There are 2 protein chains.
Amino acid sequence: MRVTIKDIAKYCGVSSGTVDRALNNRPGIKEKTKQKVLQAAKDLKYRPDFTARSLVKGRTMTLGIVLFDLYNRSYAQLLTAVELKAREYGYFLYIALTDKDMENEKQCIEYLANHKVDGIILFSVNKGTEFEEYLHGFSIPIITIFNFLSADWEYVGIPERAAMKNGVSHIIDKGYKQFIYISPPLKYKGITNIYTQEERLQGFLEALASNDLKEAEIIRHNDYLDYLEKINFRQRERTAIICSCDLYALEVMRFLKTKGYSIPLDVGIMGFDNIDVLKYVTPALTTIEYPVEAIGDKAVESLVHKIEKGSYITKENTELSYRFIAGESI
Amino acid sequence: MRVTIKDIAKYCGVSSGTVDRALNNRPGIKEKTKQKVLQAAKDLKYRPDFTARSLVKGRTMTLGIVLFDLYNRSYAQLLTAVELKAREYGYFLYIALTDKDMENEKQCIEYLANHKVDGIILFSVNKGTEFEEYLHGFSIPIITIFNFLSADWEYVGIPERAAMKNGVSHIIDKGYKQFIYISPPLKYKGITNIYTQEERLQGFLEALASNDLKEAEIIRHNDYLDYLEKINFRQRERTAIICSCDLYALEVMRFLKTKGYSIPLDVGIMGFDNIDVLKYVTPALTTIEYPVEAIGDKAVESLVHKIEKGSYITKENTELSYRFIAGESI
DNA sequence: ATGAAAGCGCTAACAA
DNA sequence: TTGTTAGCGCTTTCAT
């Protein structure tokens, strides 16, 4: 049987109220009694039951984070930052992975709510008013990351569109004339939340537009390698392949290398994310870096602020930057 | 205010006991009343409070996992598998990262215990009888992974030593005569738990011994690149650099490439882990693969079994394999 | 089949 | 300064 506050009370010959005062150093207790109780707690190896405390306090000192998966290195880095920051503030972290399944995500959120987390960090795959209605029903502080939901929800992220536009502008300056853009399947467009991907695509298009370039092939399916296979890059004008994330870019690079193409002589490749393994890849991938740890930190800070002070830290303070990384792949 | 079981009771004109019977479909309730209550719960948007349930049930339906960090891809994969499996069994997962800090780890475990997790998956940096004493004090089911603690604790992992021995034997068969082994700093040897690293090193030594090879340089500090820099690999007999994990191997490979060495012609490199990014690296790194997801699955299965049935699934069933991956780097 | 009531371990308000 | 007591929301036992 676990040692409870009552056991200590009995052991010391005081009441449970007094024990509570000592343990949580609240005022109204004689120093001597306090020491006695504290010693007893140590002797008996007392350990507080957060479950019971939560019940009466109405707070659990836990946060929940909802992510797709940890396949992309960036997510793992984000999670690390969030865990660290959360515990710094005294919060424990539940992790829930949705595998991009909309129903699963809803269930995860529901479970987190039932477990009475004090706040949720949400990288959602769901979107739309119905979903937002659903979220509002929980009346739990929620902060969205990466995938924007609506102005109703606090958001931490980077200006994806501007970042991509900036990157592609650099490429255009290098004299590339033809562009292929590779993005995850958008077949769920309009249904699932693909905010970040859409923003990056728009950034790409904007960069082309502002340079009076119209030619661009946009590939939004998983068979992009098949598509690339049909192309003879040595017979085209200098072509740049822009990928919406580094993982795609690495796949493309690997594929084109097996096809005997020289990169960037025959064809250029750009990624997005600057995942940490890039340093082991040659040629160095040109990409866009953003402070993923900072996003995690900001999210936690703002969320905890909301929980404890009743208001989020405003967006003005959570603006984050990006950086073009000139590699050798384009 | 949240809707409670009492609200439903009042709403339906029944007692809270009846509501409970309906909600958790326990026997002793008329079908009609049950439907009425269920409907009311829906109407009022009732959501159970797991905190309260936990208090009376003595179980929280949560597990905790304690890891160093998520820097190594393998850990992220492991975590993904664990989360998935845990929720499959109806458990939620707390994550606690220790950053290899011994005190931090103890604190994490303590917090998890206070939050009343039903079980803990532990990849520990602590070790020794004092620590084990500490763990026993919690009387919570614990399963250790990767870093073995003692026979007192259920363990899931792979035969690290045999795996490394097997891999190195392959290398020896290729005719390599000189060997350099690179491992994380062992300055804490005897203090922190470096079981896996020690086992791998022993496997390496055993492989040499059984081939009557004595020559080996073992580097156990972080300045291994400085050490390698002093060596002219073209003037030595064929040298193999064995790294205790892929991350080191990738660092070494990158470094030697910048030094103008051809791999594997001038020097061979082998890693361990088979992290998923290897496919983007050339030359393909020779390494050892093990089923990290399976380790996560087994850990959860065994832990849940212990929680629910009172006994762990025995070690015989949790033996996992490894596989030598012949790349082009050695 | 249903209701009443005790209690999980803790906190907090009120008495003494 | 200390003790007493009433909950927090739920489950469970014992009456009815």
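Everything numeric in this text was worked out from a predicted model, so none of it was measured. Lettering of chains follows the sequences in order, A, B, ..., and the numbering in each one begins at 1.
- Ring geometry, A:F131 versus A:Y134: the interplanar angle falls under 30°, so the pair is classed parallel (tilted spans 30 to 60°).
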Evaluation steps, side-chain contact (heavy atoms from CB on, under 4.5 Å), between A:F123 and A:V66: CA-CA 6 Å; A:F123 185 0; A:V66 179; over 6 Å; no
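- Remark on DNA chain C: of its neighbouring residues B:E31 and B:V56, the 5'-side contact belongs to B:E31, judged by nearest-heavy-atom nucleotide.
- In this structure, A:T33 does not reach the D:dT1 phosphate: none of its side-chain N or O atoms is under 4.0 Å from OP1 or OP2.
- Closest to the B:N24 side chain, of the nucleotides D:dG3, D:dT11, C:dG3, is D:dT11.
- Summarising the geometry, the separation between CZ on B:R21 and C1' on D:dC14 is reported as 11 Å, rounded to the nearest angstrom.
- Atom P of nucleotide D:dT4 and atom CD1 of A:I5 are separated by 15 Å, given to the nearest angstrom.
- At the phosphate of C:dA4, neither OP1 nor OP2 sits under 4.0 Å from any side-chain N or O atom of B:S15.
- Between A:K6 atom NZ and C:dT11 atom C1' the separation is 13 Å, expressed in whole Å.
- A:E154 and A:K298 are not joined by a salt bridge, as no carboxylate oxygen comes within less than 4.0 angstrom of a charged side-chain nitrogen.
- With C:dC10, C:dG3, C:dA5 as the choices, the nucleotide that has an atom nearest any side-chain atom of B:S16 turns out to be C:dA5.
- The separation between A:L23 atom CG and C:dC10 atom C1' is 11 Å, rounded to whole Å.
- Nearest nucleotide to the A:Y46 side chain, out of C:dC10, C:dT2, D:dC10: C:dC10.
- Atom OG of residue A:S139 and atom CZ of residue B:R2 lie 7.5 Å apart, to the nearest 0.5 angstrom.
- Remark: P of C:dC8 and CZ of B:R53 are 19 Å apart, rounded to the nearest angstrom.
- In this structure, CZ of A:R47 is placed 20 Å from P of C:dC8, rounded to the nearest angstrom.
- Here D:dT11 presents its P atom at 11 Å from CG of B:L55, a figure rounded to the nearest Å.
- Note: A:Y195 and A:F148 have tilted aromatic rings, judged against thresholds of 30 and 60 degrees for the angle between ring planes.
- Sequence order on DNA chain C of the closest nucleotides to A:K57 and B:K116 puts B:K116 first from the 5' end.
- Between the P atom of C:dA12 and the CD1 atom of A:I29 lies a distance of 15 Å, rounded to the nearest Å.
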